[in-house]
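So that the names make sense, note that chain A is the first sequence line, chain B the second, and so on, each numbered from 1.
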There are 2 protein chains.
Amino acid sequence: MARSSKRQDVLAGALTVFARDGYARASIDVIAAEAGVSTRTLYNHFGDKAGLFQAVIQESATRVAAAQLAIVESHLTEITDLESDLVAFGIAWRTPIPDFAEHWALVRQVNAEAGHIPEDAIDAWQEAGPLAVQRAIADRFAAFAADGLLRLDDPVRAALHFALLISGSNLSYRGGPKPDLADTVTTGVHAFLHGYAG
Amino acid sequence: MARSSKRQDVLAGALTVFARDGYARASIDVIAAEAGVSTRTLYNHFGDKAGLFQAVIQESATRVAAAQLAIVESHLTEITDLESDLVAFGIAWRTPIPDFAEHWALVRQVNAEAGHIPEDAIDAWQEAGPLAVQRAIADRFAAFAADGLLRLDDPVRAALHFALLISGSNLSYRGGPKPDLADTVTTGVHAFLHGYAG
DNA sequence: GGGTTAGTACAACGTTCGTTGTACTTTGAG
DNA sequence: CTCAAAGTACAACGAACGTTGTACTAACCC
């Protein structure tokens with residue numbers, strides 16, 4: 001087994017366990033077992049549980065952000081019909097890459113645990129993840145506005161509104177029948193472009 | 001000290017501690033101290049930690065939902081100018097009633113912990129809280145649509161979109177400089193009504 | 001091939017926590 | 001006032017957990 005891969009193994013196992021159980025519930029022994037690693041190497045790499053957690057959220061955020069930036073790049077550069085292109089973008093955006101499900105569960109853990117995470121770590125995490133993606137979308141929207149495709153004052157806020165509208169949000173991470181993705185995105189994009197005024 | 005108030009004391013203390021620390025971190029002894037109650041009476045009332053948690057989220061959800069339903073009632077019945085009335089509603093909606101800050105922190109805990117809470121409890125919580133409020137807003141929106149004030153196919157989805165747009169959402173529960181509430185609501189309502197199409 | 005480096009297995013520690021039992025005290029209704 | 005119901009103080013338990021030290025083994029570089 002290659003030595004340098006152990007670190008990645010630990011990060012992957014810790015992501016799984018932290019995302020599922022949260023910081024407090026997650027036990028070092030379970031993480032080590034999930035990663036196929038002894039607890040001692042885990043401590044040798046990351047110092048303690050808090051250090052491991054911060055490394056995990058940072059790594060997961062940058063990895064997912066990179067994937068999302070690629071989707072922005074590939075879907076929001078050449079525009080033929082804005083509405084259908086936004087729908088295609090939204091669907092690509094929200095299509096659940098299976099490995100990323102754990103990331104979103106981890107995001108919920110971070111949201112809940114924010115008061116127990118050092119501020120530096122939260123800031124770095126936001127910068128590497130959500131804020132970077134939000135800025136990328138905002139840049140594209142600003143370009144669309146310059147071309148007269150959109151009418152907006154604050155591109156960052158517009159990007160936030162777009163992300164919210166296609167998120168569908170509520171409690172869908174529970175089992176149950178998941179709402180139709182295409183429906184959620186199509187109606188979200190429609191609301192984003194045209195609003196509900198009568 | 002009135003006997004029947006002990007139960008409410010426990011619920012209030014448990015809300016504070018669960019909201020701040022999360023289920024796993026929260027300890028029974030700390031909750032009992034916060035409530036000014038012995039651990040034994042806590043167990044006598046709620047059985048065990050899980051039972052207490054479910055009672056707390058249910059009570060908090062119904063209490064906040066009642067307050068929100070009152071705001072819907074008082075702001076969305078008589079409409080003079082839809083946009084300004086929606087702004088006023090959004091501001092009243094989002095104005096942080098101080099006691100309710102703990103509730104929203106608890107919501108984040110529930111979102112993170114959903115996999116470790118029995119499905120019945122989650123369902124009951126959703127029904128007593130978010131879904132009831134969402135339906136109330138949807139009913140008002142449907143009435144507005146009947147009057148030609150709004151143009152929509154699915155009132156429930158429109159209510160969700162409205163709630164998302166005025167939520168401002170991102171990580172504002174952290175300290176730092178909180179974004180201007182009036183700004184967030186005004187722009188959110190504008191996007192909700194008119195969209196961003198150029 | 002030898003030696004440094006990284007990884008493992010394992011025991012041990014101190015602490016924290018949920019939970020229960022028990023004997024005692026307070027409270028409130030009749 | 002009386003007495004049953006509710007609350008308290010306190011000790012005790014078993015289990016789980018984070019963390020460290022240590023002696024041993026496997027992997028890699030020259």
To the nearest Å, give me how far apart CG (A:D21) and P (D:dA16) are.
15 Å
Verdict with supporting geometry, A:T41 and A:N44, side-chain hydrogen bond (donor to acceptor under 3.5 Å, both in side chains)
CA-CA 5 Å; A:T41 66; A:N44 286 339; over 6 Å; no
In whole Å, what is the span from the CG atom of A:N44 to the C1' atom of D:dG18?
15 Å
Under 4.0 Å between any heavy atoms, over every strand shown, what does B:T41 touch: base, sugar-phosphate, or nothing? Just pick one.
base
What pairs of donor and acceptor atoms, side-chain ones from residues 52-62 of chain B against any protein atom, are under 3.5 angstrom apart with sequence neighbours left out?
| from | atom 1 | to | atom 2 | distance (Å) |
| --- | --- | --- | --- | --- |
| B:S60 | OG | B:H103 | ND1 | 2.7 |
| B:T62 | OG1 | B:Q58 | O | 3.2 |
| B:T62 | OG1 | B:E59 | O | 2.9 |

Output one line per pair: protein atom, nucleotide atom from nucleotides 20-23 of chain D, and distance, for all N/O pairs under 3.5 Å.
| from | atom 1 | to | atom 2 | distance (Å) |
| --- | --- | --- | --- | --- |
| D:dG21 | N7 | A:R40 | NE | 3.1 |
| D:dG21 | N7 | A:R40 | NH2 | 3.2 |
| D:dG21 | O6 | A:R40 | NE | 3.3 |

Atom CG of B:D29 and atom P of D:dA11: how far apart are they, to the nearest Å?
13 Å
When the ring planes of B:F192 and B:F162 are compared, do they come out parallel, tilted or perpendicular, using 30° and 60° as the limits?
perpendicular
B:D9 atom CG is separated from D:dG7 atom C1', nearest whole Å, by 12 Å
Calculate the interatomic distance between A:F53 atom CZ and D:dT19 atom C1'; express it in whole Å.
19 Å
Atom-to-atom span, CG of A:L42 to C1' of D:dG18 - whole angstrom:
11 Å
Among D:dT8, C:dT19, D:dT19, the one nearest B:V37 by side-chain distance:
D:dT8
Nearest 0.5 Å please: distance from the CG atom of B:L160 over to the OG atom of A:S167.
7.0 Å
Take atom CG of A:D153 as the centre, draw a 6.0 Å sphere, and report whether it contains more than 12 heavy atoms from other residues, nucleotides or ligands.
no
Report which part of the nucleic acid A:A50 touches: base, sugar-phosphate, or nothing (heavy-atom distance under 4.0 Å, all strands).
nothing
Report the distance from atom CZ of B:F18 to atom P of C:dC17, rounded to the nearest whole Å.
13 Å
Could you check how far NE2 of B:H45 sits from C1' of D:dA5, rounded to whole Å?
11 Å
Within the 4.0 Å heavy-atom criterion, would you say B:A32 contacts the bases, only the backbone, or no part of the nucleic acid?
nothing
Run the numbers on B:Y196 and A:H161 for side-chain hydrogen bond (donor to acceptor under 3.5 Å, both in side chains), then give the verdict.
CA-CA 10 Å; B:Y196 285 100; A:H161 283 169; 2.7 Å; yes
Exercise: identify the closest heavy-atom pair between A:K49 and A:Y23:
NZ-O, 2.8 Å
Counting only side-chain heavy atoms from C-beta out, which of D:dG7, C:dT19, C:dG7 sits nearest to B:K6?
D:dG7
